[in-house]
Participant: 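Encoded as structure tokens, here's the structure I'll be asking about.
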Amino acid sequence: MARRLDVTGADGVRLAAWDFTPGPGTTTTARIARQQSRDTGGQVPVPQTMAPQATAPHAAGHTAPQATPPRTIAQAATGPGVLLLHGLMGHAAHWAPAVRRLTAGHRVVALDQRGHGASEKPATGSFTREAYVADAAAAVEQLGLGPVTLVGHSMGALTAWQLAAERPDLVRALVICDMRASALGAASQRAWQDWFRSWPAPFPSLDAVRRWFGEEDAWVERPNPARGAFFAEVMTEHHDGWRPVFDPWQMLTSRATWVHDAHWESLAQVRCPTLVVRGLDGELGRAEAQEMVRVLPHGAYAEIPDAGHLLHYEHPEAWAEAVEPFLNGVLTP
């Protein structure tokens, strides 16, 4: 149930945003389809609008719903704006399972951030914190979402609160999902480098992707089918097998711009109402989450039992139940 909206980000980078707001010609069911990517030449999973008779050939000989044409701003839905920002290696469609309950009365848009999903992946582009924040600001301004409620997961949450700190005129409220304010350090970056090198890419099939990320990866403590499914959604088919739609080294570059520094100062500069959400088995510990709430001038806290880092993807209903009261409170006139 998503319509594509084109955005020009910092340095002219082409970004794809996806409007989940129900409208004419859409259904109430989110579907993931694969379309030819002009940037990668592979099959990129994108949120898809199910329009009647809108089908296109799939590379493997099947059919998939064809993306509806990008909407202009004049065609955009009205209502309080919500912008969803995925985490590192994610894409906009990862919000689809959780987004259904957020569309009533709200205009909900998810952004494929630079280097991710259907957005441009410039070989010589900037993957700094400044670039990600500028891209998010461009999306808010060009799509007429402001003052917007930003909902970010992991790296997307950091982007969201840095934008809220720098451009309070654009942001009405903020939801931080499982992102730490403390520095992770050089050892963390080295561990990620080793992890990327351990990937047995290209994968022979999507089943192999699901099995490796859900069971065989040394970072998996116990079988996690949701993690396998998460990564299967960001794979693209090449002549020799399945590879990530993103460039792993661009992801490391993106990560290097924030893992070495703490982000408490920018967090304290956020003046809008903010909800900090964590999974009990996620990467953000309870003590740090509660300290983040204390540092925030208008902070609130929620946690989701049995959820890990991918809390909105693994437990979409529980995530929506935790977030919906906050959103209704800040978005209701």
Side-chain angles (χ1 to χ4, degrees), residues 6-17 39-40 83-92 94 109-143 145-146 148 150-171 174-196 234 244-270 283-284 292 309:
D6 291 331
V7 173
T8 301
D11 304 321
V13 172
R14 299 188 306 273
L15 304 172
D39 298 322
T40 67
L83 182 63
L84 308 173
L85 299 175
H86 61 74
L88 191 72
M89 302 181 294
H91 69 153
H94 282 145
V109 176
L111 180 67
D112 276 334
Q113 297 180 81
R114 62 174 56 211
H116 297 77
S119 288
E120 191 175 5
K121 304 158 184 67
T124 59
S126 175
F127 289 90
T128 63
R129 282 282 81 226
E130 292 78 10
Y132 280 108
V133 172
D135 287 346
V140 174
E141 293 178 322
Q142 293 174 32
L143 301 179
L145 294 171
V148 71
L150 296 173
V151 180
H153 171 244
S154 193
M155 181 193 74
L158 178 58
T159 299
W161 91 55
Q162 289 181 333
L163 177 58
E166 295 175 15
R167 293 290 308 274
D169 58 305
L170 293 182
V171 184
L174 175 64
V175 178
I176 297 170
C177 299
D178 213 61
M179 178 62 193
R180 300 182 61 185
S182 298
L184 300 180
S188 172
Q189 188 72 347
R190 289 193 297 271
W192 273 66
Q193 291 174 351
D194 292 341
W195 180 57
F196 276 129
V234 291
V245 66
F246 52 80
D247 180 338
W249 305 110
Q250 287 184 351
M251 300 299 98
L252 280 173
T253 300
S254 300
R255 195 174 186 273
T257 66
W258 54 266
V259 299
H260 299 291
D261 299 318
H263 306 284
W264 293 100
E265 183 176 351
S266 61
L267 188 69
Q269 294 171 1
V270 175
E283 296 181 7
L284 175 61
M292 290 169 65
H309 182 58

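Just so it is clear, the values below take in all heavy atoms, side chains as well, and ignore hydrogens, waters and symmetry mates. From a predicted model like this one, the values you see are computed outputs, not experimental measurements.
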Participant: Would you name the heavy atoms of Gly90 and Val234 that are closest together and state the gap between them?
Facilitator: C-CG1, 4.3 Å
Participant: Atom CD in Gln250, atom CZ in Phe127: separation rounded to 0.5 Å?
Facilitator: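 One finds 3.5 Å between CD of Gln250 and CZ of Phe127.
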Participant: Using side chain to side chain contact (heavy atoms under 4.5 Å, CB included), reason through Leu150 and Val175 one step at a time and then give a plain yes or no.
Facilitator: CA-CA 6 Å; Leu150 296 173; Val175 178; over 6 Å; no
Participant: Look up atom CG in Leu84 and atom NE2 in His94, then write down how far apart they are to the nearest 0.5 Å.
Facilitator: 13.5 Å
Participant: So, the side chain of Ser119 versus the backbone of Ala16: is there a donor-acceptor pair under 3.5 Å, distance only?
Facilitator: yes
Participant: Do you know the tightest heavy-atom contact between Ala17 and Val7?
Facilitator: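 Closest pair (atom of Ala17, atom of Val7, distance): CB-CG2, 4.3 Å.
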Participant: Contact between Leu83 and Val140 at the side-chain level, heavy atoms closer than 4.5 Å - yes or no?
Facilitator: yes
Participant: Mind listing the closest non-hydrogen atom pair of Ala137 and Leu163 along with its distance?
Facilitator: CB-CD1, 3.7 Å
Participant: Ignoring hydrogens and geometry beyond distance, is a side-chain donor-acceptor pair present between Ser254 and Arg114 at under 3.5 Å?
Facilitator: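 Ser254 vs Arg114: no donor-acceptor pair found between side chains.
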Participant: Does Ser188 reach the main-chain N or O of Leu184 with its side chain, forming a donor-acceptor pair under 3.5 Å?
Facilitator: no
Participant: For His260 and Gly185, which heavy atoms make the closest approach, and how far apart are they?
Facilitator: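 Nearest pair, atom of His260 first, then Gly185: ND1-C, 4.0 Å.
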Participant: Between Glu283 and Asp178 (side chain of the first, backbone of the second, donor and acceptor by atom type, cut-off under 3.5 Å), is there such a pair?
Facilitator: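 No: the side chain of Glu283 does not pair with the backbone of Asp178.
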Participant: Side chains of His91 and Val245: does their closest heavy-atom pair fall under 4.5 Å?
Facilitator: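 No - every pair of side-chain heavy atoms lies 4.5 Å or more apart.
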Participant: Is the backbone N or O of Met89 less than 3.5 Å from a side-chain atom of His116, with the two atoms forming a donor-acceptor pair by type?
Facilitator: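 Confirmed, His116 side chain pairs with Met89 backbone.
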Participant: How long is the span from the CD1 atom in Ile176 to the CZ atom in Arg180, to the nearest 0.5 Å?
Facilitator: 14.0 Å
Participant: Can you confirm if the NZ or CZ of Arg190 lies within 45° of the ring axis of Trp192 and under 6.0 Å from the centre of its six-membered ring?
Facilitator: no
Participant: May I ask you to say whether Glu141 pairs ionically with Arg167, meaning some side-chain N is under 4.0 Å from a carboxylate O?
Facilitator: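 Counted as a salt bridge, because a side-chain N and a carboxylate O are separated by less than 4.0 Å.
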Participant: Are the side chain of His86 and the backbone of Gly156 linked by a donor-acceptor contact shorter than 3.5 Å?
Facilitator: no
Participant: Test your reading of the model: is there a side-chain donor-acceptor pair from Glu120 to the backbone of Gly115, 3.5 Å cut-off?
Facilitator: no
Participant: Over 60° means perpendicular and under 30° means parallel, so classify the ring planes of His263 and Trp161, tilted if in between.
Facilitator: perpendicular
Participant: Compare all side-chain heavy atoms of Leu88 with those of Gln113 and state whether any distance is below 4.5 angstrom.
Facilitator: no
Participant: Say you draw a straight line from OH of Tyr132 to OG of Ser126; how long is it, rounded to the nearest 0.5 Å?
Facilitator: 9.0 Å
Participant: Side chain to side chain contact (heavy atoms under 4.5 Å, CB included) between Leu284 and Met179: does it pass, once the steps are laid out?
Facilitator: CA-CA 6 Å; Leu284 175 61; Met179 178 62 193; over 6 Å; no
Participant: Might you work through the side chain to side chain contact (heavy atoms under 4.5 Å, CB included) test for Glu130 and Glu166, ending with a clear yes or no?
Facilitator: CA-CA 11 Å; Glu130 292 78 10; Glu166 295 175 15; over 6 Å; no
Participant: From Asp6 CG over to Arg14 CZ, what is the distance, rounded to the nearest 0.5 angstrom?
Facilitator: 9.5 Å
Participant: Rounded to the nearest 0.5 Å, what separates atom CG in Asp135 from atom CG in Leu111?
Facilitator: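 Asp135 CG to Leu111 CG: 7.0 Å, rounded to 0.5 Å.
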Participant: Is Asp247 reaching over with its side chain to a backbone N or O of Trp249, donor-acceptor style, under 3.5 angstrom?
Facilitator: yes
Participant: Of the non-hydrogen atoms in Cys177 and Ala157, which two are nearest, and what is the gap between them?
Facilitator: N-CB, 3.9 Å
Participant: Taking all non-hydrogen atoms of both residues into account, name the closest pair between Gln162 and Ser266 and its distance.
Facilitator: CG-OG, 4.1 Å
Participant: Where do Leu252 and Gln189 land on the side chain to side chain contact (heavy atoms under 4.5 Å, CB included) test, with the steps shown first?
Facilitator: CA-CA 8 Å; Leu252 280 173; Gln189 188 72 347; 3.9 Å; yes
Participant: Less than 6.0 Å separating the ring centroids of His309 and His153?
Facilitator: yes
